[in-house]
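Structure record follows, encoded as structure tokens.
For the single chain, residues carry numbers from 1 onward in sequence order. Just the heavy atoms: all of them, side chains too, but no hydrogens, waters or symmetry mates, feed the values below.
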Amino acid sequence: MLDSFIPVALAVAPNPLGLPSHLKLTTVPIDAHTCFELWTPKTDDILLPEEAMLLRGDCSRLEEICAKLTSLLGARLMSNGARMQPTTDCWQEIRRVLYESGADFDAIAVTYLPQMIYPTATREGGVSAWTLQQAGWSVSFLALQPTKEGFRSTVLPIKAVIMSGQSITASARPAPVVPAYAQGVRK
């Protein structure tokens, strides 16, 4: 039997002693047969110290998963929709740029970005082109600040996008569909 790209021991999130009230367990797909789990803050609620400790403690496991995906597909850092660096296949390069930009983080949240097709509208409201965006993952970096009641989670303005290839855009030319019988083709 073949090994999984993400080994089961790496794919399973740590199991806390009690049920975290301000965290949710999320399953992130890799492919049709592979996924991994992670804990993320539910809302802007204050996290209990145990919940913050769980997020901090799980960060290295999630970075290992991100490093595997980055080495396979490549990743780039984005800030406010703009690229901060060229695509790299080295997670340590991502870490270096984060460090140099002062983006200290305590935890990671990963979101699956499904493959999707979306239109480019014309001024008249029509469609001039269609774009196919490849599937990938968005990696958010979280800072945990202590408060009187516990910890507050803040998403840093920098994220990593792990994705294979670029989006593909094609102009929207109407392609008439001609039935087979009209083309003289018989079965």
Side-chain angles (χ1 to χ4, degrees), residues 2-16 19-45 47 51-52 54-95 97-98 103 105-120 129-144 153-170:
L2 294 174
D3 289 333
S4 177
F5 180 70
I6 304 294
V8 174
L10 197 58
V12 177
N15 191 6
L19 186 61
S21 56
H22 303 104
L23 298 176
K24 66 179 176 179
L25 184 62
T26 304
T27 301
V28 179
I30 299 290
D31 63 21
H33 307 286
T34 310
C35 60
F36 66 95
E37 300 173 332
L38 72 146
W39 292 100
T40 56
K42 283 184 182 176
T43 59
D44 288 336
D45 288 347
L47 300 173
E51 293 169 330
L54 177 65
L55 292 177
R56 279 189 177 120
D58 198 26
C59 192
S60 61
R61 177 184 72 90
L62 295 171
E63 280 200 83
E64 190 173 340
I65 292 170
C66 290
K68 288 179 75 70
L69 289 169
T70 298
S71 69
L72 180 66
L73 303 170
R76 63 186 179 273
L77 279 174
M78 307 287 288
S79 179
N80 299 321
R83 278 186 180 200
M84 293 180 63
Q85 71 174 104
T87 300
T88 180
D89 63 355
C90 178
W91 184 256
Q92 290 306 318
E93 179 64 16
I94 298 282
R95 292 285 273 138
V97 174
L98 285 168
F105 64 94
D106 300 299
I108 290 178
V110 181
T111 306
Y112 177 67
L113 305 170
Q115 177 176 297
M116 67 182 212
I117 298 175
Y118 57 90
T120 302
W130 290 94
T131 300
L132 170 68
Q133 176 184 297
Q134 303 295 328
W137 300 267
S138 176
V139 182
S140 298
F141 302 98
L142 310 174
L144 301 174
S153 170
T154 305
V155 178
L156 299 180
I158 298 172
K159 68 179 178 179
V161 177
I162 302 170
M163 190 175 292
S164 68
Q166 298 291 332
S167 298
I168 301 166
T169 301

* Asked: What's the shortest heavy-atom distance between Q134 and I168, and which atoms?
  -> NE2-CD1, 3.9 Å
* To do: Grab the two heavy atoms, one from L47 and one from S153, that are nearest each other, plus how far apart they are.
  => CD1-CB, 4.1 Å
* Any residue meeting ring pair (Phe, Tyr, Trp, His ring centres under 6.0 Å) with F36, in chain and number order, not counting sequence neighbours -> none
* Smallest separation among heavy atoms of T169 and A129, with atom names -> CG2-CB, 3.7 Å
* Structure fact -> Taken in chain and number order and not counting sequence neighbours, the residues that satisfy salt bridge (charged side-chain N to carboxylate O under 4.0 Å, His left out) with D106 are R56
* Return yes if some donor-acceptor pair links the side-chain N/O of W137 with the main-chain N/O of C66 below 3.5 Å, else return no. => no
* To do: Any salt bridge (Lys or Arg N to Asp or Glu O under 4.0 Å) involving residues 81-94? Give me the pairs, sequence neighbours left out, ordered by first then second residue.
  => E93-R96
* To do: Would you name the heavy atoms of P114 and Q133 that are closest together and state the gap between them?
  => O-NE2, 4.2 Å
* Structure fact -> Output for pair (L98 CG, L77 CG), nearest 0.5 Å, gives 5.0 Å
* Which atom names give the shortest non-hydrogen contact between A52 and L144, and what distance separates them? -> O-CD1, 3.8 Å
* Sequence-distant partners of R76, salt bridge (charged side-chain N to carboxylate O under 4.0 Å, His left out), two or more places apart -> none
* **Interatomic spacing from CZ in R95 to CZ in F141 - rounded to 0.5 Å** => 8.0 Å
* Structure fact -> Rounding to 0.5 Å, atoms CD (E37) and CD1 (I6) come to a distance of 13.0 Å
* Going by the side-chain hydrogen bond (donor to acceptor under 3.5 Å, both in side chains) test, which pairs reach into residues 65-74, not counting sequence neighbours? -> none
* Supply the atom-to-atom distance Y118 OH to L132 CG, rounded to the nearest 0.5 angstrom. => 9.0 Å
* Output, in order, the C-alpha distance, side-chain angles, deciding distance and verdict of side-chain contact (heavy atoms from CB on, under 4.5 Å) for L73 and M163. => CA-CA 6 Å; L73 303 170; M163 190 175 292; over 6 Å; no
* Asked: Are side-chain heavy atoms of F5 and L69 found at a separation under 4.5 Å?
  -> yes
Can you give the donor-acceptor pairs under 3.5 Å from side chains of residues 20-35 to other protein atoms, not counting sequence neighbours?
| unit_1 | atom_1 | unit_2 | atom_2 | d |
| --- | --- | --- | --- | --- |
| H22 | ND1 | I46 | O | 3.4 |
| H22 | ND1 | E51 | OE1 | 3.0 |
| D31 | OD1 | H33 | N | 2.7 |
| D31 | OD1 | T34 | N | 2.7 |
| D31 | OD1 | T34 | OG1 | 3.0 |

* Asked: Should M78 and M84 be marked as a side-chain contact (heavy atoms from CB on, under 4.5 Å) after you check the CA-CA gap, both sets of side-chain angles, and the distance that decides it?
  -> CA-CA 5 Å; M78 307 287 288; M84 293 180 63; 6.0 Å; no
* Measure the spacing between CG of L62 and CH2 of W39 and express it to the nearest 0.5 Å. => 12.5 Å
* Asked: Between CD1 of I158 and OG of S140, what distance do you get to the nearest 0.5 Å?
  -> 11.5 Å
* Minimum heavy-atom separation for R61 to L10, with atom names? -> NH1-O, 2.6 Å
